[in-house]
There are 2 protein chains.
Amino acid sequence: MAQLSDSIERFIKDMMEDGAQIEVRRNELAQHFGCAPSQINYVLATRFSVDHGYIIESRRGGGGYIRIVRMGVNSPENLLSALLQRIGNSIDEDSAVAIIQNLLDRRLVTLNEARIMRAAVAKNALALPVSAKDVLRASVLSGMVRQVFQNAEEGK
Amino acid sequence: MAQLSDSIERFIKDMMEDGAQIEVRRNELAQHFGCAPSQINYVLATRFSVDHGYIIESRRGGGGYIRIVRMGVNSPENLLSALLQRIGNSIDEDSAVAIIQNLLDRRLVTLNEARIMRAAVAKNALALPVSAKDVLRASVLSGMVRQVFQNAEEGK
DNA sequence: TGCTATAATAGTCAAAGTAAGTCAACTAGA
DNA sequence: TCTAGTTGACTTACTTTGACTATTATAGCA
(Lines give C-alpha, C1' and ligand atoms only; values in the text may rest on other atoms or scores of the structure.)
Protein backbone atom coordinates (compact mmCIF):
# COMPACT_ATOMS: atom_id res chain seq x y z
CA MET A 1 0.00 0.00 0.00
CA ALA A 2 1.31 3.38 -0.90
CA GLN A 3 2.17 5.15 2.30
CA LEU A 4 -0.33 7.54 3.69
CA SER A 5 2.32 10.24 3.63
CA ASP A 6 2.89 9.60 -0.04
CA SER A 7 -0.80 9.92 -0.80
CA ILE A 8 -1.05 13.14 1.10
CA GLU A 9 2.01 14.49 -0.65
CA ARG A 10 0.52 13.60 -4.02
CA PHE A 11 -2.81 15.08 -3.10
CA ILE A 12 -1.24 18.38 -2.14
CA LYS A 13 0.94 18.51 -5.21
CA ASP A 14 -2.06 17.84 -7.41
CA MET A 15 -3.88 20.68 -5.77
CA MET A 16 -0.95 22.92 -6.59
CA GLU A 17 -1.03 21.97 -10.26
CA ASP A 18 -2.02 25.43 -11.29
CA GLY A 19 -0.84 28.10 -8.95
CA ALA A 20 2.13 28.57 -6.73
CA GLN A 21 0.17 28.32 -3.55
CA ILE A 22 -2.78 26.68 -1.87
CA GLU A 23 -4.49 26.89 1.46
CA VAL A 24 -5.80 23.92 3.37
CA ARG A 25 -7.46 23.21 6.69
CA ARG A 26 -5.33 20.82 8.63
CA ASN A 27 -8.29 19.08 10.21
CA GLU A 28 -10.22 18.75 6.97
CA LEU A 29 -7.26 17.26 5.22
CA ALA A 30 -6.65 14.87 8.08
CA GLN A 31 -10.27 13.84 8.05
CA HIS A 32 -10.18 13.34 4.31
CA PHE A 33 -7.38 10.86 4.81
CA GLY A 34 -8.74 9.50 8.05
CA CYS A 35 -5.58 10.19 9.95
CA ALA A 36 -4.34 12.22 12.88
CA PRO A 37 -4.03 15.94 12.17
CA SER A 38 -0.41 15.90 13.19
CA GLN A 39 0.19 13.55 10.28
CA ILE A 40 -0.26 16.57 8.05
CA ASN A 41 2.52 18.31 9.89
CA TYR A 42 4.71 15.35 9.35
CA VAL A 43 4.13 15.38 5.61
CA LEU A 44 4.75 19.10 5.44
CA ALA A 45 7.94 18.76 7.45
CA THR A 46 9.32 15.92 5.39
CA ARG A 47 8.10 16.78 1.87
CA PHE A 48 7.39 20.46 1.79
CA SER A 49 10.35 21.87 3.66
CA VAL A 50 12.37 24.82 2.51
CA ASP A 51 14.93 22.42 1.15
CA HIS A 52 12.21 21.00 -1.03
CA GLY A 53 11.42 24.46 -2.28
CA TYR A 54 8.34 25.23 -0.28
CA ILE A 55 7.42 27.66 2.42
CA ILE A 56 4.67 26.97 4.92
CA GLU A 57 2.65 29.70 6.56
CA SER A 58 -0.20 29.07 8.93
CA ARG A 59 -2.60 30.56 11.35
CA ARG A 60 -4.21 29.00 14.39
CA GLY A 61 -7.55 29.63 15.95
CA GLY A 62 -10.92 30.21 14.30
CA GLY A 63 -10.53 30.44 10.56
CA GLY A 64 -7.10 28.94 10.82
CA TYR A 65 -5.34 27.54 7.78
CA ILE A 66 -2.11 26.18 6.40
CA ARG A 67 -0.73 27.85 3.32
CA ILE A 68 1.78 26.03 1.18
CA VAL A 69 3.83 28.15 -1.17
CA ARG A 70 6.08 26.81 -3.85
CA MET A 71 9.21 28.87 -4.22
CA GLY A 72 10.34 29.67 -7.68
CA VAL A 73 13.78 28.52 -8.42
CA ASN A 74 14.13 31.00 -11.15
CA SER A 75 16.78 31.68 -13.66
CA PRO A 76 19.81 29.51 -12.97
CA GLU A 77 18.20 26.31 -11.93
CA ASN A 78 19.24 26.00 -8.36
CA LEU A 79 20.29 29.48 -7.52
CA LEU A 80 18.27 29.54 -4.38
CA SER A 81 19.65 26.39 -2.90
CA ALA A 82 23.12 27.39 -4.00
CA LEU A 83 22.76 30.67 -2.17
CA LEU A 84 21.34 29.05 0.91
CA GLN A 85 24.17 26.60 0.92
CA ARG A 86 26.67 29.40 0.48
CA ILE A 87 25.15 31.24 3.41
CA GLY A 88 25.12 28.18 5.61
CA ASN A 89 24.75 28.99 9.23
CA SER A 90 27.41 31.63 9.50
CA ILE A 91 28.53 34.34 7.14
CA ASP A 92 30.54 37.56 7.44
CA GLU A 93 29.28 40.92 6.36
CA ASP A 94 31.34 41.24 3.21
CA SER A 95 30.13 37.92 1.87
CA ALA A 96 26.58 38.81 2.73
CA VAL A 97 26.90 42.06 0.84
CA ALA A 98 28.34 40.19 -2.13
CA ILE A 99 25.39 37.84 -2.21
CA ILE A 100 22.97 40.71 -2.10
CA GLN A 101 24.87 42.39 -4.91
CA ASN A 102 24.59 39.18 -6.87
CA LEU A 103 20.82 39.22 -6.48
CA LEU A 104 20.77 42.80 -7.60
CA ASP A 105 22.89 42.03 -10.65
CA ARG A 106 20.48 39.33 -11.62
CA ARG A 107 17.63 41.77 -11.14
CA LEU A 108 16.04 39.51 -8.63
CA VAL A 109 15.79 42.42 -6.26
CA THR A 110 15.41 46.12 -6.87
CA LEU A 111 17.94 48.62 -5.68
CA ASN A 112 15.71 49.60 -2.79
CA GLU A 113 15.22 46.02 -1.77
CA ALA A 114 18.93 45.40 -1.88
CA ARG A 115 19.54 48.38 0.35
CA ILE A 116 17.02 47.19 2.87
CA MET A 117 18.67 43.81 2.91
CA ARG A 118 22.08 45.32 3.41
CA ALA A 119 20.77 47.32 6.32
CA ALA A 120 19.45 44.15 7.90
CA VAL A 121 22.81 42.41 7.84
CA ALA A 122 25.02 45.39 8.58
CA LYS A 123 27.32 44.83 11.52
CA ASN A 124 25.79 47.61 13.53
CA ALA A 125 22.39 46.02 13.13
CA LEU A 126 23.62 43.09 15.14
CA ALA A 127 24.72 44.09 18.59
CA LEU A 128 26.47 40.93 19.58
CA PRO A 129 29.91 39.38 19.89
CA VAL A 130 31.50 39.08 16.46
CA SER A 131 31.24 35.34 16.02
CA ALA A 132 27.63 35.30 17.05
CA LYS A 133 26.98 38.10 14.59
CA ASP A 134 27.97 35.89 11.70
CA VAL A 135 25.63 33.15 12.78
CA LEU A 136 22.79 35.51 13.17
CA ARG A 137 23.49 37.28 9.94
CA ALA A 138 23.30 33.96 8.17
CA SER A 139 19.83 33.23 9.43
CA VAL A 140 18.52 36.70 8.76
CA LEU A 141 19.98 36.69 5.26
CA SER A 142 18.66 33.22 4.48
CA GLY A 143 15.21 34.31 5.48
CA MET A 144 15.35 37.31 3.22
CA VAL A 145 16.79 35.40 0.28
CA ARG A 146 14.03 32.84 0.51
CA GLN A 147 11.54 35.64 0.57
CA VAL A 148 13.05 37.20 -2.52
CA PHE A 149 12.53 33.99 -4.43
CA GLN A 150 9.06 33.67 -3.15
CA ASN A 151 8.28 37.20 -4.28
CA ALA A 152 9.69 36.39 -7.70
CA GLU A 153 7.56 33.29 -7.97
CA GLU A 154 4.42 35.10 -7.12
CA GLY A 155 5.13 37.93 -9.50
CA LYS A 156 5.17 35.59 -12.46
CA MET B 1 -15.51 31.13 6.13
CA ALA B 2 -13.75 34.44 6.17
CA GLN B 3 -13.18 35.42 9.71
CA LEU B 4 -15.58 37.84 11.25
CA SER B 5 -12.70 39.92 12.48
CA ASP B 6 -11.24 40.08 9.01
CA SER B 7 -14.55 41.20 7.55
CA ILE B 8 -14.94 43.90 10.12
CA GLU B 9 -11.40 45.09 9.52
CA ARG B 10 -12.05 45.26 5.79
CA PHE B 11 -15.33 47.05 6.30
CA ILE B 12 -13.71 49.72 8.42
CA LYS B 13 -10.81 50.19 6.05
CA ASP B 14 -13.20 50.53 3.14
CA MET B 15 -15.08 53.19 5.03
CA MET B 16 -11.83 55.04 5.53
CA GLU B 17 -10.98 54.94 1.84
CA ASP B 18 -11.41 58.66 1.49
CA GLY B 19 -10.66 60.52 4.63
CA ALA B 20 -8.32 60.00 7.49
CA GLN B 21 -11.02 59.33 10.03
CA ILE B 22 -14.44 57.85 10.55
CA GLU B 23 -16.90 57.57 13.36
CA VAL B 24 -18.97 54.52 14.07
CA ARG B 25 -21.51 53.36 16.63
CA ARG B 26 -20.20 50.27 18.27
CA ASN B 27 -23.63 48.73 18.65
CA GLU B 28 -24.68 49.50 15.10
CA LEU B 29 -21.56 47.97 13.71
CA ALA B 30 -21.97 44.91 15.89
CA GLN B 31 -25.55 44.55 14.80
CA HIS B 32 -24.57 44.92 11.17
CA PHE B 33 -22.27 41.96 11.59
CA GLY B 34 -24.54 40.13 13.98
CA CYS B 35 -21.93 39.82 16.66
CA ALA B 36 -21.23 40.86 20.22
CA PRO B 37 -20.34 44.53 20.60
CA SER B 38 -17.11 43.66 22.31
CA GLN B 39 -16.07 41.97 19.09
CA ILE B 40 -15.59 45.45 17.70
CA ASN B 41 -13.18 46.26 20.50
CA TYR B 42 -11.27 43.13 19.69
CA VAL B 43 -10.87 44.13 16.06
CA LEU B 44 -9.79 47.60 17.01
CA ALA B 45 -7.27 46.29 19.50
CA THR B 46 -5.73 43.79 17.12
CA ARG B 47 -5.91 45.64 13.80
CA PHE B 48 -6.09 49.33 14.53
CA SER B 49 -3.48 49.74 17.21
CA VAL B 50 -1.04 52.58 17.38
CA ASP B 51 1.57 50.31 15.88
CA HIS B 52 -0.73 49.88 12.94
CA GLY B 53 -0.85 53.63 12.62
CA TYR B 54 -4.27 54.34 14.03
CA ILE B 55 -5.61 56.17 17.04
CA ILE B 56 -8.93 55.31 18.60
CA GLU B 57 -11.01 57.88 20.42
CA SER B 58 -14.41 57.17 21.84
CA ARG B 59 -17.15 58.37 24.01
CA ARG B 60 -19.72 56.48 26.03
CA GLY B 61 -23.22 57.40 26.94
CA GLY B 62 -25.96 58.90 24.82
CA GLY B 63 -24.63 59.90 21.44
CA GLY B 64 -21.54 57.85 22.08
CA TYR B 65 -19.23 56.89 19.26
CA ILE B 66 -15.94 55.36 18.32
CA ARG B 67 -13.65 57.44 16.16
CA ILE B 68 -10.89 55.77 14.22
CA VAL B 69 -8.14 58.08 13.07
CA ARG B 70 -5.35 57.17 10.75
CA MET B 71 -2.30 58.88 12.11
CA GLY B 72 -1.16 61.64 9.90
CA VAL B 73 2.43 62.54 9.61
CA ASN B 74 3.58 66.07 9.22
CA SER B 75 6.83 65.02 7.74
CA PRO B 76 8.64 61.81 7.02
CA GLU B 77 11.22 62.87 9.56
CA ASN B 78 8.61 62.77 12.26
CA LEU B 79 7.39 59.38 11.23
CA LEU B 80 10.90 58.05 11.14
CA SER B 81 11.75 59.23 14.58
CA ALA B 82 8.40 58.10 15.90
CA LEU B 83 9.00 54.65 14.52
CA LEU B 84 12.54 54.46 15.81
CA GLN B 85 11.35 55.51 19.20
CA ARG B 86 8.62 52.91 19.13
CA ILE B 87 11.10 50.23 18.18
CA GLY B 88 13.50 51.23 20.89
CA ASN B 89 16.02 48.56 21.61
CA SER B 90 13.64 45.67 22.00
CA ILE B 91 10.48 44.72 20.18
CA ASP B 92 8.40 41.57 19.80
CA GLU B 93 7.54 40.03 16.47
CA ASP B 94 3.90 41.05 16.37
CA SER B 95 4.71 44.69 16.92
CA ALA B 96 7.44 44.55 14.32
CA VAL B 97 5.02 43.09 11.82
CA ALA B 98 2.50 45.80 12.64
CA ILE B 99 5.07 48.51 12.00
CA ILE B 100 6.01 46.99 8.67
CA GLN B 101 2.34 46.80 7.76
CA ASN B 102 2.06 50.44 8.66
CA LEU B 103 4.87 51.30 6.25
CA LEU B 104 3.12 49.29 3.58
CA ASP B 105 -0.21 50.99 4.19
CA ARG B 106 1.50 54.32 3.76
CA ARG B 107 3.07 53.05 0.58
CA LEU B 108 6.51 53.76 1.88
CA VAL B 109 7.49 50.25 0.96
CA THR B 110 6.29 47.91 -1.74
CA LEU B 111 4.69 44.59 -0.96
CA ASN B 112 7.89 42.79 -1.86
CA GLU B 113 9.93 45.04 0.36
CA ALA B 114 7.55 44.49 3.22
CA ARG B 115 7.86 40.77 2.80
CA ILE B 116 11.61 40.91 2.85
CA MET B 117 11.48 42.96 6.01
CA ARG B 118 9.12 40.54 7.65
CA ALA B 119 11.44 37.71 6.79
CA ALA B 120 14.30 39.53 8.45
CA VAL B 121 12.50 39.91 11.75
CA ALA B 122 10.68 36.58 11.81
CA LYS B 123 11.28 34.58 14.93
CA ASN B 124 12.84 31.72 13.05
CA ALA B 125 15.34 34.11 11.53
CA LEU B 126 16.71 34.73 14.99
CA ALA B 127 17.98 31.59 16.61
CA LEU B 128 18.41 32.91 20.10
CA PRO B 129 16.69 32.95 23.46
CA VAL B 130 13.42 34.82 23.24
CA SER B 131 14.40 37.91 25.15
CA ALA B 132 17.56 38.34 23.15
CA LYS B 133 15.51 37.96 19.98
CA ASP B 134 13.52 41.04 20.79
CA VAL B 135 16.62 43.10 21.30
CA LEU B 136 18.14 41.93 18.09
CA ARG B 137 14.96 42.33 16.14
CA ALA B 138 14.83 45.91 17.26
CA SER B 139 18.22 46.71 15.87
CA VAL B 140 17.65 44.90 12.60
CA LEU B 141 14.28 46.56 12.15
CA SER B 142 15.63 50.01 12.99
CA GLY B 143 18.31 49.60 10.39
CA MET B 144 15.82 48.65 7.75
CA VAL B 145 13.40 51.41 8.63
CA ARG B 146 16.14 53.99 8.36
CA GLN B 147 17.04 52.60 4.99
CA VAL B 148 13.46 52.77 3.81
CA PHE B 149 13.36 56.45 4.56
CA GLN B 150 16.67 56.99 2.90
CA ASN B 151 15.41 55.21 -0.19
CA ALA B 152 12.32 57.38 -0.19
CA GLU B 153 14.41 60.49 0.15
CA GLU B 154 16.52 59.54 -2.79
CA GLY B 155 13.57 58.59 -4.92
CA LYS B 156 12.19 62.08 -4.77
C1' DT C 1 -32.49 76.21 38.03
C1' DG C 2 -30.20 72.33 39.92
C1' DC C 3 -30.32 67.62 41.16
C1' DT C 4 -31.37 62.81 40.30
C1' DA C 5 -32.79 58.76 37.99
C1' DT C 6 -32.68 56.46 33.83
C1' DA C 7 -31.45 55.18 29.38
C1' DA C 8 -27.99 54.84 26.05
C1' DT C 9 -23.55 54.01 25.06
C1' DA C 10 -18.76 52.14 25.24
C1' DG C 11 -14.94 49.36 28.00
C1' DT C 12 -12.99 45.28 30.33
C1' DC C 13 -12.11 40.75 31.31
C1' DA C 14 -12.44 36.01 31.67
C1' DA C 15 -14.35 31.83 29.78
C1' DA C 16 -15.47 29.09 25.96
C1' DG C 17 -14.70 27.88 21.20
C1' DT C 18 -11.77 26.76 17.25
C1' DA C 19 -7.71 25.47 15.00
C1' DA C 20 -2.77 24.58 14.40
C1' DG C 21 2.01 23.06 16.59
C1' DT C 22 4.99 19.94 19.28
C1' DC C 23 6.73 15.92 21.02
C1' DA C 24 7.45 11.46 22.36
C1' DA C 25 5.84 6.82 22.14
C1' DC C 26 4.33 3.39 19.24
C1' DT C 27 3.97 0.72 14.49
C1' DA C 28 4.97 -1.33 10.36
C1' DG C 29 7.45 -2.05 6.03
C1' DA C 30 11.86 -2.69 3.55
C1' DT D 1 16.25 -4.58 12.90
C1' DC D 2 16.10 -0.03 11.67
C1' DT D 3 13.97 3.93 9.96
C1' DA D 4 10.20 6.25 8.10
C1' DG D 5 5.60 6.75 9.24
C1' DT D 6 1.58 7.27 12.51
C1' DT D 7 -0.86 8.53 16.51
C1' DG D 8 -2.61 10.99 20.53
C1' DA D 9 -2.00 13.84 24.50
C1' DC D 10 -0.83 18.21 25.50
C1' DT D 11 0.34 23.14 24.24
C1' DT D 12 -0.14 27.49 22.04
C1' DA D 13 -2.56 30.93 19.37
C1' DC D 14 -6.45 33.43 17.69
C1' DT D 15 -11.53 34.43 17.88
C1' DT D 16 -16.07 35.12 19.81
C1' DT D 17 -19.25 35.83 23.40
C1' DG D 18 -21.44 37.51 27.55
C1' DA D 19 -21.63 39.27 32.10
C1' DC D 20 -20.40 43.09 34.49
C1' DT D 21 -18.61 47.94 34.79
C1' DA D 22 -17.99 52.89 33.56
C1' DT D 23 -19.47 57.06 31.39
C1' DT D 24 -22.55 60.53 29.38
C1' DA D 25 -26.86 62.79 27.93
C1' DT D 26 -31.35 63.90 29.05
C1' DA D 27 -35.89 63.86 30.99
C1' DG D 28 -38.32 64.61 35.12
C1' DC D 29 -38.77 66.50 39.50
C1' DA D 30 -38.04 69.58 43.64
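In what follows, every heavy atom counts, from backbone to side chain, and hydrogens, waters and symmetry copies are set aside. Order of the sequence lines fixes the chain letters, A, B, ..., with proteins taken first and strands second; residue numbering starts at 1 for each chain. Computed from a predicted structure; not experimentally measured.
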Strictly by salt bridge (charged side-chain N to carboxylate O under 4.0 Å, His left out), give each pair with a member in residues 27-48 of chain A just once, sequence neighbours left out. A:D6-A:R47, A:E9-A:R47
Residue pairs passing the salt bridge (charged side-chain N to carboxylate O under 4.0 Å, His left out) test where at least one lies in residues 54-68 of chain B, sequence neighbours excluded: B:E23-B:R67, B:E57-B:R67
Is there a side-chain polar atom (N or O) of A:S58 under 4.0 Å from OP1 or OP2 of C:dA19? no
Counting only side-chain N and O atoms of A:S5, is one of them less than 4.0 Å from OP1 or OP2 of D:dT6? yes
Measure the distance from [atom1] on [X] to [atom2] on [N] and round it to the nearest whole Å.
X	N	atom1	atom2	value
A:D6	C:dA28	CG	P	17 Å
A:Q31	D:dT7	CD	P	14 Å
A:L44	C:dT22	CG	C1'	14 Å
B:E28	C:dA10	CD	C1'	13 Å
B:I66	C:dT12	CD1	P	10 Å
A:R25	C:dG21	CZ	P	12 Å
A:L29	D:dT7	CG	C1'	16 Å
A:I8	D:dT7	CD1	C1'	12 Å

Just to verify, what does A:A114 make a side chain to side chain contact (heavy atoms under 4.5 Å, CB included) with, not counting sequence neighbours? A:I100, A:L104, A:V109, A:R118
Could you tell me whether [X] contacts a base, only the sugar-phosphate backbone, or nothing, with contacts defined as non-hydrogen atoms closer than 4.0 Å?
X	value
A:G64	sugar-phosphate
A:R67	nothing
B:N27	sugar-phosphate

From the candidates D:dA25, C:dA20, C:dA10, the one with an atom nearest any side-chain atom of B:R59 is D:dA25
Any residue meeting ring-ring contact (aromatic ring centres under 6.0 Å, His included) with A:H52, in chain and number order, not counting sequence neighbours: none
Could you tell me which residues satisfy ring-ring contact (aromatic ring centres under 6.0 Å, His included) with B:Y54, sequence neighbours excluded, listed by chain and number? B:F48
Check whether the side chains of A:N27 and A:Q31 place a donor and an acceptor atom closer than 3.5 Å, and report yes or no. no
Is it true that the side chains of B:S95 and B:R86 contain a donor and an acceptor less than 3.5 Å apart? yes
Pairwise N/O distances under 3.5 Å, protein to nucleotides 17-22 of chain D:
from	atom 1	to	atom 2	distance (Å)
D:dG18	N7	B:S38	OG	3.4
D:dG18	O6	B:S38	OG	2.6
D:dA22	O4'	B:R60	NH1	3.0
D:dA22	N3	B:R60	NH1	3.0

